[in-house]
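Worth saying up front: this structure is predicted, and the values here are computed from it rather than measured.
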Amino acid sequence: MPARSDDMARQFELDRPRLRAVAYRILGSLGEADDALQEAWLRADRANTSEVGNPSGWLTTVVARVCLNLLRARDTRREEPLDDAARRQPAATGTAADPAEEVQLADEVGIALLIVLDTLGPAERLAFVLHDMFDVPFDDIAAMLDKTPAATRQLASRARRRVRGVPAPEADLPRRRRAVDAYLAATRGGDFDALVALLHPDVVLSADAAVVPTPEPVTVSGMEQVARGAMASMARARSAAVVLVDGMVGMAMAENGRLRVVLRFDFAADGRITGIDVIAEPARLNELDITGIG
């Protein structure tokens with residue numbers, strides 16, 4: 001039965017939790033997700049819905065199209081040159097959201113998943129989220145993307161491979177993952193002694209100028225000095241996850257679902273960490289191949 005405007009309003013409120021979940025997974029930011037829902041409702045309220053036979057599916061499409069436009073705008077901004085001042089300011093993330101709710105949602109969805117999703121192109125991300133997470137048919141997604149169902153299926157497949165990841169071809173992968181897991185746990189928990197135990201005495205940490213930020217890159221040497229620096233990043237560590245960075249075990253940190261900092265590690269033969277490369281400059285981040293760990 002076609003939907004009337006008042007019926008559509010009731011349907012929107014009934015579907016709001018699911019629509020918000022769709023928007024959050026596509027955008028990775030609760031503030032942007034709430035903005036997308038507001039814009040979607042304005043569009044829905046102005047539209048002639050007298051011929052809409054599946055209100056829930058139609059509303060999902062409206063929300064997804066709004067999110068796709070936001071993703072494409074975000075992708076365009078990424079390609080624009082950033083001067084030092086802009087680089088040091090966090091990107092706008094929409095309406096202010098409750099930080100506690102943002103953290104809770106990120107934990108529920110999975111920080112690693114949100115980080116990998118942020119590395120996908122808009123079309124790949126939309127296809128994967130809608131199909132794999134919300135069972136939207138490829139025919140419907142293809143219409144949103146102006147692609148064939150077969151091409152849309154390929155987009156989702158590529159995204160799925162990145163999310164699931166391909167284990168690095170190295171015998172030490174499990175041991176190195178345990179070390180990075182322990183590094184993240186110690187940093188989150190503020191366990192200085194546990195962190196020192198993971199580090200080689202001659203460990204060197206190098207951070208690019210965008211990490212702190214500072215006018216020049218920073219280099220720190222020695223177990224205790226590196227551990228103290230890690231303790232200073234406890235807040236960031238709460239939104240971090242272990243991922244593969246260029247096929248090697250590493251760590252990535254997000255802010256509202258947006259990739260901000262990546263750590264690459266070098267290891268001694270005994271498994272202790274000998275080097276940490278901390279990357280935050282946008283140009284360097286864009287060059288990294290980040291995937292989940294299968």
- Start with the C-alpha gap between Leu288 and Asp246, add the side-chain angles, then the distance that decides, and say whether side chain to side chain contact (heavy atoms under 4.5 Å, CB included) holds. CA-CA 6 Å; Leu288 300 176; Asp246 294 334; 3.6 Å; yes
- Message: Quick one, Phe267 with Val180, criterion side chain to side chain contact (heavy atoms under 4.5 Å, CB included). Give me CA distance, side-chain angles, the key distance, then yes/no.
- Response: CA-CA 10 Å; Phe267 297 86; Val180 178; 3.9 Å; yes
- Query: Please walk me through it: do Leu184 and Val242 pass side chain to side chain contact (heavy atoms under 4.5 Å, CB included)?
  - Reply: CA-CA 8 Å; Leu184 177 55; Val242 179; 4.2 Å; yes
- Task: Kindly indicate, with the supporting measurements, whether the criterion side chain to side chain contact (heavy atoms under 4.5 Å, CB included) is fulfilled by Asn69 and Leu71.
- Result: CA-CA 5 Å; Asn69 289 339; Leu71 284 180; over 6 Å; no
- Checking salt bridge (Lys or Arg N to Asp or Glu O under 4.0 Å) for the pair Arg74/Asp118: CA distance, chi angles, key distance, verdict? CA-CA 10 Å; Arg74 179 192 295 177; Asp118 190 51; 3.8 Å; yes
- Message: salt bridge (Lys or Arg N to Asp or Glu O under 4.0 Å), that's the test. Do Asp15 and Arg18 meet it? Break it down for me.
- Response: CA-CA 5 Å; Asp15 288 351; Arg18 182 181 61 82; 3.6 Å; yes
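No hydrogens or angles considered: a donor-acceptor pair under 3.5 Å links the side chains of Arg161 and Ser157. Neither side chain, Thr274 nor Asp266, offers a donor N or O lying under 3.5 Å from an acceptor on the other. Side-chain contact of Gln11 with Ser56: a donor-acceptor pair under 3.5 Å is present, judged by distance alone.
No donor-acceptor distance shorter than 3.5 angstrom exists from the side chain of Thr214 to the backbone of Ala210, with no hydrogens or angles considered. When atom types are taken as modelled, the side chain of Thr148 and the backbone of Ala151 share a donor-acceptor pair closer than 3.5 angstrom. Looking only at distances, a side-chain donor or acceptor of Arg25 sits under 3.5 Å from a matching main-chain atom of Ala21.
Val261 has its side chain within reach of Val278: a pair of non-hydrogen atoms, C-beta onward, lies under 4.5 Å apart. Contact of the Met248 side chain with the Arg176 side chain is registered, since non-hydrogen atoms from C-beta on lie closer than 4.5 Å. In this structure the side chain of Val218 never reaches within 4.5 angstrom of the side chain of Val211, judged on heavy atoms. Side chains of Leu145 and Leu68 form a contact here, defined as non-hydrogen atoms less than 4.5 Å apart. Taking the side chain as every heavy atom from C-beta outward, Leu130 and Ile26 approach each other to under 4.5 Å. Looking at heavy atoms from C-beta onward, Phe128 lies out of side-chain contact with Arg162 at the 4.5 angstrom threshold. Annotation: side chain of Leu37 is in contact with side chain of Val63 (closest heavy-atom distance under 4.5 Å).
Taking CD from Glu39 and CG from Leu70, the interatomic distance works out to 8.5 Å, rounded to the nearest 0.5 Å. Summarising the geometry, atom CG belonging to Asn256 is positioned 11.0 Å from atom CG belonging to Leu105; distances are rounded to the nearest 0.5 Å. Residue Tyr24 holds its OH atom at 9.5 Å from CD of Glu101, rounded to the nearest 0.5 Å. Interatomic distance, SG of Cys67 versus CG of Leu126, reported as 8.0 Å (0.5 Å rounding). With rounding to the nearest 0.5 angstrom, the CE atom of Met253 is 3.5 Å from the CE atom of Met251. Distance check, rounded to the nearest 0.5 Å: CG of Asp277 to CG of Leu263 gives 8.0 Å.
Remark: Glu108 CD is packed, more than 12 non-hydrogen atoms of other residues, nucleotides or ligands lying under 6.0 Å away.
Between Ala227 and Val196, the closest heavy-atom pair is CB-CG2, 3.7 Å. Heavy atoms only, all atoms of each residue included: Ile111 and Ala241 are closest at CG2-CB, 3.9 Å. Here the closest non-hydrogen pair linking Leu285 and Ala280 is CD1-O, 3.6 Å. Shown here for Asp191 and Ala194, the closest heavy-atom pair between the two residues is OD1-N, 3.0 Å. Contact between Val116 and Thr119 at its shortest, heavy atoms only, is O-OG1, 2.6 Å. Looking at every heavy atom in both residues, Ala40 comes nearest to Val62 through O-CG1, 3.6 Å.
For Arg236, there are no side-chain hydrogen bond (donor to acceptor under 3.5 Å, both in side chains) partners two or more places apart in sequence or in a different chain.
A salt bridge links Glu13 with Arg16: at least one charged nitrogen is closer than 4.0 Å to a carboxylate oxygen. Between Arg178 and Asp181 there is no salt bridge, since no side-chain nitrogen of the basic residue lies less than 4.0 Å from a carboxylate oxygen of the acidic one. A salt bridge is absent between Glu124 and Lys147: the closest approach of a Lys/Arg side-chain nitrogen to an acidic carboxylate oxygen does not fall below 4.0 angstrom.
The aromatic rings of Phe12 and Trp41 are tilted relative to each other, their planes meeting at an angle between 30° and 60°.
Sorted by first then second residue, the salt bridge (charged side-chain N to carboxylate O under 4.0 Å, His left out) pairs that include residues 132-146, not counting sequence neighbours, are Asp132-Arg160.
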